[in-house]
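Order of the sequence lines fixes the chain letters, A, B, ..., with proteins taken first and strands second; residue numbering starts at 1 for each chain.
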2 protein chains.
Amino acid sequence: MSLKHGILGLLTYGSMTGYELMKIFNESLTFFWNAQTSQIYRELDILEKKGWVNSEHILQEDKPNKKVLTISDEGKAELVHWLNGHAAKDMMKIRDGMTMRVFFGSEGDNDALKRELMEYRCINEHFLNSLKHTENELDHREQFVGKSGEKIYWLMGIKRGYKTAKSNIEWVDECLELLENMKGE
Amino acid sequence: MSLKHGILGLLTYGSMTGYELMKIFNESLTFFWNAQTSQIYRELDILEKKGWVNSEHILQEDKPNKKVLTISDEGKAELVHWLNGHAAKDMMKIRDGMTMRVFFGSEGDNDALKRELMEYRCINEHFLNSLKHTENELDHREQFVGKSGEKIYWLMGIKRGYKTAKSNIEWVDECLELLENMKGE
DNA sequence: TGGGTCATGTAACCTGTTACATGATTAG
DNA sequence: CTAATCATGTAACAGGTTACATGACCCA
């Protein structure tokens, strides 16, 4: 149920189109949630049917017409309800392909596994860099969004990203060391 | 595509029923993958149609009849193929409800958020303890599974669990500190 | 003249969740 | 007598992925 709530959350920053929602997902939320346009438009229809958002068609001359979404009071209430619960449910949804590949590593080729781990490490390094960039943009973002006092929450999100990426990198290094030592036996 | 490969991986330890697969998922793989029986039986049908597993019906008198699954050579080839690739794809599937709740925390109640974080912390502590238990069982497991040299791969999986849980706990503590300091302002 | 941005979606499919159904045996 | 274990699934639904379609404007 969280894509719906992510959309509601973003709409508290202001009314926007599905296209803009998609862009924010890809710019600011990718490190803890991601969504395709197709999914966003589908969810928006559902949110509208539930009465959690209202829409307004805006005709434009130089650009395609657009449909601007606004969160309703019911939508805000639903968001608050979701914010205040469900910690336990989220834990039950772990699905980690890299760990599974390592777990069944004995069936494959050790050199290939090392390459995989190194690629995974590399992705996490890139991710760390992009987070630094996001962190530097926070002040700018706060001005853009017409809402103050958000920075601390965004910072907590970014800290989570750092923690995760760093722990992934440390884990890779420990695995590579174990695999190297194994060779020596 | 990874549940399929998880099943194939487990079947390299030996032939077993859907019921047994489900139990192993809930005992040993929960910390990086989880699956319901309904999904496992559905996937098994697909695996059989693809020719990656073969099945044998076994009639039993004192217990219900059962269907024992065995991995085929094609299945083994598919598993190896999957093991040697796809690191990048896995990274694209992050979906973390707790982080999203923190990210949109300003819309909710700060005390509720703290309670949520503390519950999340608690779940991660429990998880750490269960991992210790799993780690202690590794020798026993290696005897049970008729395959040696697996321990190091299982250990890497468990290390991943430790890293993740510890970084979650550290993150919660940092968040709680930030929220406390905010109050003082 | 080609690629990027703005803006909307549909269709088919795959994967995961929830709830239910059956029925025998065995251990407390 | 009751709950757990063994063992199999189905049905309906929710959520996520991939591929495709349209069309105008703007910049190099």
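- Rounded to whole Å, atom P of C:dT15 lies 18 Å from atom NZ of A:Lys93.
- Atom CG of B:Asn65 and atom P of C:dG23 are 14 Å apart (whole Å).
- Distance CD (A:Gln39) to P (C:dA12): 18 Å, rounded to an integer number of Å.
- Nearest-nucleotide positions on DNA chain D for B:Thr17 and A:Ser2 put B:Thr17 closer to the 5' end.
- Of all nucleotides listed (D:dT5, C:dT15, D:dG16), D:dG16 comes nearest to the side chain of A:Arg42.
- Here C:dG16 presents its P atom at 17 Å from CG of A:Leu3, a figure rounded to the nearest Å.
- Looking at heavy-atom distances under 4.0 Å, B:Gln60 makes contact with sugar-phosphate atoms alone, never a base.
- Of the listed nucleotides (D:dA11, C:dG16, C:dT8), D:dA11 has the atom at the smallest distance from the side chain of B:Ser38.
- Counting non-hydrogen atoms under 4.0 angstrom, B:Arg95 reaches the backbone sugars and phosphates but no base.
- The separation between A:Met22 atom CE and D:dT17 atom C1' is 16 Å, rounded to whole Å.
- Nearer to the 5' terminus of DNA chain D, by closest-nucleotide assignment, is the contact made by B:Lys66 (compared with the other of B:Lys66 and B:Lys89).
- The CG-C1' distance, from A:Leu59 to C:dA7, rounds to 13 Å in whole Å.
- Judged by the 6.0 Å distance and 45° axis criteria, A:Lys159 is not positioned over the aromatic ring of A:Tyr162.
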